[in-house]
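I have placed the structure first, in the form of structure tokens, so that the comments after it can refer back to it.
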Amino acid sequence: MTTASERPEPPTVSGERTSLESWLDYHRATLALKCAGLDEPQLREASAPPSPLSLMGLVRHMAEVERSWFRRVLAGEASAGPIYFSDEDLDGDIRVTEKDTWEEAYATWQAEIAAAREAARGRSLDDRVVHPRDGKEFDLRWIYTHMIEEYARHNGHADLIRERIDGATGE
């Protein structure tokens, strides 16, 4: 689990790829930090019922997003299907139950981050791929930027959820 002192600060001067990868890692670590020190019921706690959004749900959602953009789209892994959601339950990643565990959610998220790094390794930011669902073309630069946006938006949700759970605020 990431602590505030372990969260990687993005460099203030760097090349484009280093900047993109550093900001993505910063936001990944920020989500882990928002979950640090909480127990299973707190990680499962819905933010504002009737919304099912919880910190564990956000982590599961980000595992799905990492998997989708880096494995399915960038690496073309058609076999990398959904982990938590289905056609019958499109919000299955967000909706957690008593049987879902933090250990499994966190391990899955970390495995998808590792797979994402591997999928991007050695590729140019200009490398283009075609999204299998809609046929749109994306470059790796766009994927990195989208992932930073996705984490930043959900880290805002995580800020509010964490404050509601135990009053903790901050970066």
* **Nearest non-hydrogen partners of Ala46 and Ser51, listed with the distance** => CB-O, 3.4 Å
* Asked: Between atom CZ of Arg95 and atom CG of Leu90, what is the distance when rounded to the nearest 0.5 Å?
  -> 9.5 Å
* For Tyr84 and Asp93, which heavy atoms make the closest approach, and how far apart are they? -> CB-CA, 3.5 Å
* To do: Return the set of residues passing ring pair (Phe, Tyr, Trp, His ring centres under 6.0 Å) with Phe85 (not counting sequence neighbours), or none when no residue passes.
  => none
* Is any side-chain heavy atom of Phe138 less than 4.5 Å from a side-chain heavy atom of Leu74? -> no
* Asked: When hydrophobic residues are tied together by side-chain contacts of less than 4.5 Å, even through go-betweens, does Ile83 share a cluster with Tyr151?
  -> no
* Taking the six-membered ring for Trp, are Trp23 and Tyr144 ring centroids under 6.0 Å apart? -> no
* To do: Can you measure from CG (Leu33) to CZ (Arg162) and round to the nearest 0.5 angstrom?
  => 8.0 Å
* To do: Could you verify whether a donor N or O on one side chain and an acceptor N or O on the other, from His61 and Glu66, lie under 3.5 Å apart?
  => no
* To do: Please indicate whether Glu103 has more than 12 foreign heavy atoms, meaning atoms of other residues, nucleotides or ligands, lying under 6.0 Å from its CD.
  => no
* Please indicate whether Arg153 has more than 12 foreign heavy atoms, meaning atoms of other residues, nucleotides or ligands, lying under 6.0 Å from its CZ. => yes
* Asked: Side-chain contact, heavy-atom cut-off 4.5 Å: His131 with Trp69?
  -> yes
* To do: Please tell me if the side chains of Arg117 and Glu21 come closer than 4.5 Å, counting only heavy atoms from C-beta onward.
  => no
* Asked: So which heavy atom on Ala29 is nearest to which on Pro8, and how close?
  -> CB-CD, 3.7 Å
* Asked: Looking only at atom types and distance, does a side-chain atom of Glu40 sit under 3.5 Å from a main-chain N or O of Trp102, one as donor and one as acceptor?
  -> yes
* Donor-acceptor pair between Asp100 and Thr97 side chains, under 3.5 angstrom -> yes
* Can you tell me if Asn155 uses its side chain to pair, donor with acceptor, with the backbone of Ala158 under 3.5 Å? -> no
* Quick one: are Leu140 and Val129 in side-chain contact, heavy atoms under 4.5 Å? -> no
* **Audit row: Thr169, Asp159, side chain to side chain contact (heavy atoms under 4.5 Å, CB included) steps and yes/no** => CA-CA 7 Å; Thr169 60; Asp159 284 338; over 6 Å; no
* **Gap separating the CZ atom of Arg17 from the OG atom of Ser124, nearest 0.5 angstrom** => 7.5 Å
* **Side-chain (Gln110) to main-chain (Ala107) donor-acceptor, under 3.5 angstrom** => no
* Do Ser19 side-chain atoms and Gly15 backbone N/O form a donor-acceptor pair below 3.5 Å? -> no
* To do: List the atom of Glu64, the atom of Arg72, and the distance in Å for their closest heavy-atom pair.
  => O-NH2, 4.3 Å
* OG1 of Thr30 to CG of Asp25: how many Å apart, nearest 0.5 Å? -> 10.5 Å
* Can you tell me how far CZ of Arg44 sits from NZ of Lys99, rounded to the nearest 0.5 angstrom? -> 11.0 Å
* Asked: Heavy-atom distance under 4.5 Å between the side chains of Met56 and Trp109, does that happen here?
  -> no
* Structure fact -> Here the pair of heavy atoms bringing Phe70 nearest to Ala120 is CE2-CB, 4.3 Å
* To do: Answer with yes or no whether the side chains of Arg60 and Thr108 bring together a donor and an acceptor at under 3.5 Å.
  => no
* Heavy-atom distance under 4.5 Å between the side chains of Leu58 and Lys34, does that happen here? -> no
* Asked: Under 4.5 Å between any side-chain heavy atoms of Met147 and Met62, yes or no?
  -> yes
* List the steps, then state whether side chain to side chain contact (heavy atoms under 4.5 Å, CB included) holds for Leu24 with Arg28. => CA-CA 6 Å; Leu24 181 53; Arg28 287 167 170 158; 3.4 Å; yes
* To do: Please step through side chain to side chain contact (heavy atoms under 4.5 Å, CB included) for the pair Val130 and Val73, ending with a clear verdict.
  => CA-CA 7 Å; Val130 174; Val73 177; over 6 Å; no
* Output yes when Glu77 and Arg67 qualify as a salt bridge under the 4.0 Å nitrogen-oxygen rule, no when they do not. => no
* **Between CZ on residue Arg164 and OG on residue Ser54, distance to nearest 0.5 Å** => 11.0 Å
* Which pair of non-hydrogen atoms, one from Asp139 and one from Leu125, has the smallest distance, and what is that distance? -> CB-O, 3.5 Å
* To do: With the side chain counted from C-beta on, respond yes when Cys35 and Tyr106 share a heavy-atom pair under 4.5 Å apart, and no when they do not.
  => no
